[in-house]
Amino acid sequence: MWVFIVSEIMFFTGLIGSYIVLRLGSAGWPRPGEVLNTALLGINTVVLITSSLTMALALNAAEADRPRASGKFLLATALLGCTFLAIKIYDYAHMVHQGFTISSSLFGSCYYLLTGFHALHVLSGVIVVLYLLAASRVALSSTVVGRIEYSGLYWHFIDVVWVILFAILCLV
Amino acid sequence: MGLGLEGKMNPTDTPPSFLRRRLFSTNHKVIAVLYLLTGIFWLAFGGLMTLLIRWQLAYPWQPIPLIGRFLFPESGGAVTPEAYPMLFTMHGGIMVFFAITPILLGALGNYTIPLEVGARDMAFPRLNMLSYWFLVVGSLILLVSFFVPGGAAGFGWTIYAPLSSSTEVTPGWGQDLFILGLALDAVSILMGGINYITTILKLRAPGLSLRRLPLTQWGLFFSAVLNTLWLPIVAAALFMVLCDRRLGTAFFVAGPLAPRAGGQVLLFQHLFWGFGHPEVYILILPVWGLVGDLLSVFSRKPAFGYKATVLSMLTITILSGVVWGHHMFTSGMNPLVGKAFMFLTIAVSVPTAIFFFNWLATLWRGSIRLTVPLLFALGIVYVFAVGGLTGLFLALQTFDVYVHDTYFVVGHFHYTLAASVLFGAFAFIYTWFPKIFGRQMDEQMGRLHFWLSFVLLNMVFSVMMFVGLHGHMRRIADATAYEFLKPIQPLNVFLGWAVLGLVASQILFFYNFFHSLKGGKPAPANPWEAGSLAWTVSSPPPWHNYEVIPQVWCGPHEYGAPGLTDRDWISQADPRAKTLGES
Ligand SMILES: [Cu+2]
């Protein structure tokens with residue numbers, strides 16, 4: 001799992017590194033808050049960080065062999081992930097409506113590419129969490145607990161990536 | 001996830017039904033054979049393409065005899081100006097990503113890692129199967145790309161932007177399919193890499209410390225590390241190129257081609273070579289490991305400087321990530337940065353030289369058994385010496401500017417990336433064929449195959465370097481269009497025939513391979529008298545390799561150790577080796 005995460009880190013390093021190079025080499029870059037809806041994306045950051053918390057609680061409960069509590073927290077994590085995606089879709093729709101698309105400017109290209117790939121990761125994370133939820137309903141075996149641990153690692157990784165993206169896209 | 005559980009499956013499991021056993025199997029040996037056959041198919045495909053390329057260069061715009069009418073009906077059988085870039089692009093892409101990678105990582109890695117570390121399968125068998133099927137889908141996409149309107153990709157295997165990233169210059173969908181095929185292949189290799197690293201780290205048999213691992217597995221390990229680090233970078237770049245082409249972004253487009261404020265063209269080169277240079281080591285590290293093991297087995301001596309060899313591999317793994325700039329000396333780079341890249345690149349020759357001296361010292365005063373695998377191993381030592389030494393010249397900015405984009409570069413990287421890696425693939429196949437299929441390949445035919453390949457390969461690639469020094473540009477379709485190249489046109493004709501001979505001599509290999517599958521002599525469990533774990537099980541090995549997971553007592557190269565046994569070697573799993581201790 002660590003190996004997988006390292007390669008994922010390198011993938012986003014490639015994307016974010018390109019973003020930095022493109023931004024440094026570009027003349028007109030929009031100021032923070034000029035184009036993006038910082039408040040909305042800020043809410044999304046809170047949502048995702050909360051989901052990391054519930055994921056950690058789910059692992060805690062699973063390790064303490066409390067399947068019902070762990071299931072609840074897994075469900076909460078998945079729901080928070082879905083909330084994040086829903087807000088994301090609303091944000092995209094709103095942006096496109098305002099004429100800010102993937103091909104309207106270099107910033108737009110970067111924005112949609114980076115957040116798009118991140119959203120795909122959140123989506124796959126939600127699927128994994130739902131699968132774990134189903135598996136832990138059947139039996140909370142040591143294998144399932146191990147999987148919750150690894151998936152938690154992945155989930156926190158997605159979270160960290162988002163925080164970095166939020167910082168470089170919206171704040172700086 | 002479920003770590004190790006799948007790898008330790010019940011040894012009495014019977015092989016499942018035919019389709020599950022052959023095509024959709026999770027067994028590492030079956031997957032390895034599938035990888036091998038896929039790689040051999042693409043090897044033949046990409047190899048035959050060179051005939052068309054060299055025909056065009058030898059006899060520009062002349063109709064190709066016999067097959068030309070079918071390939072290029074619209075021009076009466078001659079290679080068309082549109083087709084030529086497709087030929088060299090697809091030749092490069094196919095050979096690097098679809099022929100050599102599946103053979104050297106897919107087949108060599110999958111087959112040998114579990115056997116040599118004493119495991120019953122890979123750490124993640126299902127991921128392993130998925131990895132192969134990603135390669136299949138990528139392969140099919142690549143095949144389809146030849147038949148879409150506009151033909152296959154033609155922007156060179158390096159996919160340089162803005163040629164690749166603007167549909168105004170490369171409009172065909174074949175180009176997109178090529179990138180997509182590569183991206184799928186990259187995902188496949190990544191999944192394989194995760195498996196190799198985990199298996200080597202987690203599933204080693206008791207007693208098999210990392211210091212007792214055969215060198216081939218060390219090479220595969222570092223190669224997998226490089227893959228996990230650098231493949232994602234190029235994958236990101238490939239996705240960005242696709243966005244540029246089809247979604248109207250402008251990451252790698254600038255100037256008049258960019259619809260709006262453009263991005264940076266050079267950025268693509270940085271991302272591509274950030275992976276592209278490690279790729280050389282991704283392919284060559286397993287080969288180096290294999291050479292180390294083979295020289296030891298066939299000179300009946302322990303591998304000289306085992307620890308130094310592994311440390312050199314580690315050094316190269318680290319250094320390879322910081323030298324990519326030497327591909328971009330002429331792309332527009334601060335000369336000072338170029339100098340840094342130059343020094344770092346030259347620094348790579350230190351660990352490389354350690355390899356060479358360790359190999360020579362292993363051979364020194366050994367009782368050498370000149371088998372076909374050893375011939376190929378020695379061939380690798382020679383061609384890599386030539387490739388490495390010419391690489392030293394190219395690393396020098398001043399020299400590189402002069403020969404940049406010429407056939408000198410083509411000759412150089414074919415010595416390192418084609419000749420040595422190809423010989424590595426052959427050395428692997430000739431060594432492991434008896435273990436994989438339980439039959440032996442024909443020794444005489446193997447020797448003939450080696451000598452013909454060795455002589456012709458050297459002719460081809462050294463003459464390429466010679467015409468390159470004369471100024472022959474790479475990727476041009478017709479040298480006679482240039483006044484200063486007219487005098488060396490006879491060499492292009494010579495190259496055409498030499499390549500024909502080289503390709504034709506591979507028929508020996510193909511015949512030997514497919515004939516021996518059925519008609520070869522039955523192979524004993526340990527035809528080479530090798531000491532590593534894989535050779536303690538029958539040929540071919542049982543479905544789950546080991547009835548009982550073996551206990552390892554010593555290193556993999558205990559040859560020339562009289563006294564312990566009545567032979568000149570002792571197996572890693574032989575309890576009598578206990579007295580050797582940590583060696
Ligand atoms: Cu390089």
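Chain letters run A, B, ... following the sequence lines, proteins first and then strands; every chain starts at 1.
- The contact between Leu15(A) and chain B is made by backbone and side chain atoms together, counting heavy-atom distances below 4.5 Å.
- Side chain of Tyr196(B) to main chain of Leu105(B): a donor-acceptor pair is present (N/O by atom type, distance under 3.5 Å, no hydrogens or angles).
- Within the 4.5 angstrom heavy-atom criterion, atoms from both the backbone and the side chain of Leu247(B) approach chain A.
- Chosen from Gly108(A), Cys110(A), Ser142(A), Ser109(A), the residue pairing most often with chain B at heavy-atom distances under 4.5 Å is Ser109(A).
- Closest heavy-atom contact between Pro286(B) and Thr216(B): O-CG2, 4.3 Å.
- Using a 4.5 Å cut-off between heavy atoms, Leu267(B) touches chain A through its side chain atoms alone.
- Side-chain N or O atoms of Ser51(A) include one that pairs as donor or acceptor with a backbone N or O of Leu48(A) at under 3.5 Å.
- The candidate from Ile197(B), Leu229(B), Asp244(B) with the greatest count of non-hydrogen atom pairs under 4.5 Å with chain A is Leu229(B).
- Heavy atoms of Phe12(A) lying under 4.5 Å from chain B are absent altogether.
- Taking the six-membered ring for Trp and thresholds of 30 and 60 degrees, Tyr112(A) and Tyr92(A) have ring planes inclined between 30 and 60 degrees apart.
- Taking the side chain as every heavy atom from C-beta outward, Asn195(B) and Ser131(B) never approach each other to under 4.5 Å.
- Interface remark: of the candidates Ile233(B), Val225(B), Asn227(B), Leu201(B), Ile233(B) forms the most heavy-atom pairs closer than 4.5 Å to chain A.
- Taking all atoms of both residues into account, the shortest heavy-atom contact from Ala161(B) to Val265(B) is O-CG1, 3.2 Å.
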